[in-house]
Amino acid sequence: MKQDIPKAYEPGVVEDDIYQTWEQSGFFNPDNLPGKRTDAFSITMPPPNATGVLHIGHAVMLAIQDLVIRFARMRGKKALWLPGTDHAAIATQSKVESLLKEQEHKTKHDLGREQFLQRVEAYVAQSRNTIKNQVKKMGSSCDWSRERFTLDADVSLAVNEAFKQMYEDDLIYRGHRIVNWDPQLQTTVSDDELEYLDQRSPFYYFQYGPFEIGTARPETKFGDKYVVMHPDDTRYQGYAHGQQLELEWINGTITATVIKDKAVDMEFGTGVMTITPWHDATDFEIAERHHLDKEQIIGFDGKLLPIAREFAGESIFEARVKIVEKLKQKGLVTRIDNDYSHRVAINSRGEGVIEPQIKEQWFVSVNTPVKKFGGKTLRERSLEVVKQGDITILPGRFEKIYFHWLENLRDWCISRQIWYGHRIPVYYREKQMHVGGELPKGDGWEQDPDTLDTWFSSGLWTFSTLGWPQKTQDLKTFHPTNLMETGYDIIFFWVARMIIMSTYLLEAVPFKTVYLHGLVRDEQGKKMSKSLGNSIDPLDTIKSYGADATRLSLLIGSTPGNDMNMSEAKVAGYRNFVNKLWNISRYILMNVAEVKLVEKQPKPKTLADAWILSELNILIEAATNNIEKYNLSVVGEKVYEFTWNKLADWYVEIAKIEKDKDAILLYILQTLLKLWHPYTPFVTEEIWKKLGTAELLMIQPWPEIQGKVDVKAQRDFALVQDLIVGVRNIRAQAKIPPAQKLDALVIAPKKAKLIEEQAAVISALARLNQLKVAASGAKPKESLSVIAAETQLYLPVSGMMDIAAEVARLEKEAVRVEQFVQHLAAKLENQRFLERAPKDIVDNEKVKLIEHQDLLEKIKQQLASLQ
RNA sequence: GGGCGUAUAGCUCAGUUGGUUAGAGCGUUACAUUGACAUUGUAAAGGUCCGUGGUUCGAGUCCACGUACGCCCACCA
């Protein structure tokens, strides 16, 4: 039955329909998969922000995870890819705040907590579907029936339970600490969410009693009554720790105390500094060490407090200038360095300049011994599971980075002063405190106004999505998950936190393998950004080139941990390939007598058959092994190479000459569609439909090797290729049209002794030339048989020149091969090599020697026949 | 300041515990081509594998130092 198949593949026409078919089949849900499936394979999708739009970073994550999960599904696993969205507390809240300001000129305080949160929820509900539909555009085969949102009731329950358990185990405590305070968003910001801007600003030197101190922040100096120096600093040996000095300062005479502490850098400035413990983390630590007073200078609104007297109520930037002026008048300014550059911390989620402040916050203690870890701490346990190999991080070098980070990890501040998010499950009534998710009985209980750091709930994501703390069947089946695939930029934010939470709460790792993909950059390797105008929108490329081409361009040429460059030209290139695959299929389907499924590998009848089937088997094995090892790019390249350079360029061409290849062509096509499916699900599924089966490709079993790899066929076919290409070149140089008959002769000699036949072709070419050059017109005396008769038709006199070129090429080749043979022979006589090199390498070299001696012999024969 | 990387063709990058005579895609050039392919084919040109030493029978691969670039972390007031 001949089918009418369009000449070009049009992704835009078919992709949405195919996705719908997949979704309706129910096979995204592992419970519906056919057959008996005992092994589970699960991936939890890193949840995109609910209010976001799909960007290229999501696209790469979806492409990789979909590939892996489709592979697992085809290999007969109970494959679950659990999708979700994240509430992204700070980002979402500030987005809604700015909308409110723009549209209604209101702040969140005008609405109040309850109303404002309703607005946020409405906004989230409306934009959540957008990203969900965009995820589908990529072809993501995730189980939407298990989709979770980080603020879902059951997920929140897990969050409260985790908090409670950790509190009861003394792993969560409340304390005063320096936090990064964002006066603009009125919230604390975690260390990981800080960004630094290089700034050039004046650096002032002031006279502070007998000392000269330097600062870039004069406005914090009101309360400075401790002067600190290094205990080993010989310049200040005359001053003793604890010594008190009377001195003139901004607002009159004060008493300063000398503190000796090793935190001071003797090389920096004058080696003396005053400290402001309330607004500087280093100073805070010094103050803690020596039990010094801490005074707040700057309010949470970023304005100076009454301690600043006449400057009270002014912003730090206004006050800075005035204070310097006042000190100048008092003659206390010794010099000003206008060329001082330092870094200013800002909130990466907003724009506020960070002001360190002391606040009462909730913390997770990473250094408290945990009973169930036999006294190990959360930090130590998290290090251990990776060191022991319970978790593998790809690429390996990130394990080092992970260790380094954990070894230096400090307590984790988990409270945030924003409204949107998981509210801290703690209730207060006068001096009573109740920890737990439910409002305690009785009147007058107030819940803590703060919310939890997003990463606290994200840390539970692999199991809160599976029903924990309930002991669900899903949790039992799918946890620990098999793969966590995410960008290397959030290894600390998220990956480490998941390991901490899961090892503690479940006493199990959250995942067995971590695959960290790189950043997607533009073709010059620059970061993509809207302002540069160099970003590629995956939704655009899907529209113009198709989801399959978009996926390929993200999958091939990308290795874990390394950034990859992306350009529209690259996507266009893969669109060409997808179209090539389409046309190969089109040709096969239109030219076979009967389209049908061929499950068993047909018997090879000719050299070309044996060769292509061997190549296919090699490909199947390489693809399977490498996907299992997450060498995803390599597999794409190999299958690509097979499809284009082996199947299309050679085997399909040969099939035009040799007949009776329907079964093999169909078998190869089917196998290839399966191999491609995890990479390019849409086009393969579309072609599969035309094979006359009602079953979906997505649940077909992954191909297995059938039959043996015929090494001899591979070697012989390589010679055939050389011969054909050589003859074509000769003809091309002599401007003679290609000869299909000649190709046919070489590809399918009538006799079995293939190589000899080829030699005969060569020798026939040479002989004919000689004869023609002789211009005698004499008939060849020896029987050149059919070969000569055929070649005669095409071979020109001028071909003699090309024979000379061929001889030159072969001679050159002979020299090179001979050199190599000598090299190998010498090596095999080298005692040290024989003693020291591993046995398999020695054997390998012996085999190579024989092979190359053989090859040299053949080249010599060819040469002889030409001369 | 501490840590982790990268340097291979004009461009983007592979190169698997050291073992052929270093590869691919794109681009360039030549030739062929209207075909299953307006998205095709065959080939060619193009390399000091950043530099200098070292280990080894053998180094793009391992080591040391240097140079250039990138990223992450950090308490220099």
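Chain A is the first sequence line, chain B the second, and so forth, proteins listed ahead of strands; every chain is numbered from 1.
Listed pair A/Arg410 / B/A74 fails the phosphate criterion, with no side-chain N or O lying under 4.0 Å from OP1 or OP2. Here A/Lys580 does not reach the OP1 or OP2 of B/U39: none of its side-chain N or O atoms lies under 4.0 Å away.
Whole-Å rounding puts the A/Trp582 CH2 to B/U40 P distance at 17 Å. Rounded to whole Å, the distance from CD on A/Glu637 to P on B/A14 is 9 Å. Whole-Å rounding puts the A/Ile588 CD1 to B/C37 P distance at 14 Å. Separating the NZ atom of A/Lys661 from the P atom of B/A36 is a distance of 18 Å, rounded to the nearest angstrom. Between the OH atom of A/Tyr488 and the C1' atom of B/C72 there is a distance of 9 Å, given to the nearest Å. Atom CZ of A/Phe403 and atom C1' of B/C4 are 14 Å apart (whole Å). Atom-to-atom, OH of A/Tyr226 to C1' of B/A77 comes out at 17 Å; the value is rounded to the nearest Å. B/G3 atom C1' lies 15 Å from atom CG of A/Leu406, rounded to whole Å.
Using atom P as the reference point in both B/G2 and B/U21, the two lie 42 Å apart (nearest Å). Annotation: B/C62 and B/A43 have their C1' atoms spaced 38 Å apart (nearest Å). Between B/G60 and B/A22, the two P atoms lie 9 Å apart (nearest whole Å). Between the C1' atoms of B/U39 and B/G25, the separation comes to 16 Å (whole Å). Taking the C1' atom of each, B/G23 and B/A9 are spaced 10 Å apart, rounded to whole Å. Across the C1' atoms, B/A7 and B/G47 are found 14 Å apart, a figure rounded to whole Å. Here, B/U55 and B/U61 have their C1' atoms 14 Å apart, quoted to the whole Å. Taking atom C1' on both nucleotides, B/C13 is separated from B/A77 by 46 Å, rounded to a whole Å.
Within the 4.0 angstrom heavy-atom criterion, no nucleotide atom of any strand lies near A/Ile213. As judged by a 4.0 angstrom heavy-atom cut-off over every strand, A/Lys7 is placed among residues touching the sugar-phosphate backbone only. In this structure, A/Asn408 reaches neither bases nor backbone, as no heavy-atom distance under 4.0 Å exists between it and the strands shown. Among the heavy atoms of the strands, none lies under 4.0 Å from A/Lys629. A/Val634 comes within contact range of no nucleotide atom at all, as no heavy-atom separation falls under 4.0 Å.
Between A/Glu686 and A/Trp582, the closest heavy-atom pair is CG-CZ3, 3.8 Å. Scanning both residues, A/His279 and A/Ile178, for their nearest heavy atoms gives N-CD1, 4.2 Å.
Listed by chain and residue number, A/Ile556, A/Glu637 satisfy the side-chain contact (heavy atoms from CB on, under 4.5 Å) test with A/Ser633 (two or more places apart in sequence, or in another chain).
The side chain of A/Met273 sits closest to B/A77 out of B/A77, B/G41, B/G2. Distances from the side chain of A/Phe203 to the nucleotides B/A77, B/A36, B/U39 place B/A77 closest. In this structure, the nucleotide among B/G2, B/C4, B/G41 sitting nearest to the side chain of A/His404 is B/G2. The side chain of A/Val264 sits closest to B/A77 out of B/A14, B/A36, B/A77. Side-chain proximity of A/Lys221 to B/A77, B/C4, B/G3: nearest is B/A77. Listed nucleotides: B/A36, B/C4, B/A38. Nearest to the side chain of A/Asn579: B/A38.
In this structure, B/A77 makes no Watson-Crick or G-U wobble pair, since no nucleotide meets both defining distances under 3.5 angstrom. For B/G70, the paired base is B/C4 (Watson-Crick or G-U wobble, both distances below 3.5 Å). In this structure, B/A9 makes no Watson-Crick or G-U wobble pair, since no nucleotide meets both defining distances under 3.5 angstrom. Across all strands shown, the partner of B/A43 is B/U29, judged by Watson-Crick or G-U wobble contacts whose two distances both fall under 3.5 Å. When both pairing distances are held under 3.5 Å, B/A64 makes a Watson-Crick or G-U pair with B/U52. Across all strands shown, the partner of B/C57 is B/G19, judged by Watson-Crick or G-U wobble contacts whose two distances both fall under 3.5 Å.
Take the nearest nucleotide of RNA chain B for A/Ala648 and for A/Tyr640: the residue whose nucleotide is more 5' is A/Tyr640. Each of A/Lys570 and A/Arg586 lies near RNA chain B, and the nucleotide nearest A/Lys570 is the one positioned closer to the 5' end.
Residues A/Thr274 and A/Lys221 bring a donor and an acceptor atom of their side chains to less than 3.5 Å of each other. A donor-acceptor contact closer than 3.5 angstrom is absent between the side chains of A/His230 and A/Asp261.
Aromatic ring centres of A/Phe577 and A/Tyr640 lie closer together than 6.0 Å.
Put simply, the side chain of A/Lys656 and the base of B/A36 share a donor and an acceptor less than 3.5 Å apart.
Side-chain atoms of A/Leu672 and A/Phe642, non-hydrogen and from C-beta on, do get closer than 4.5 Å to each other.
In this structure, A/Trp644 contributes its side chain and A/Lys580 its backbone to no donor-acceptor pair below 3.5 Å.
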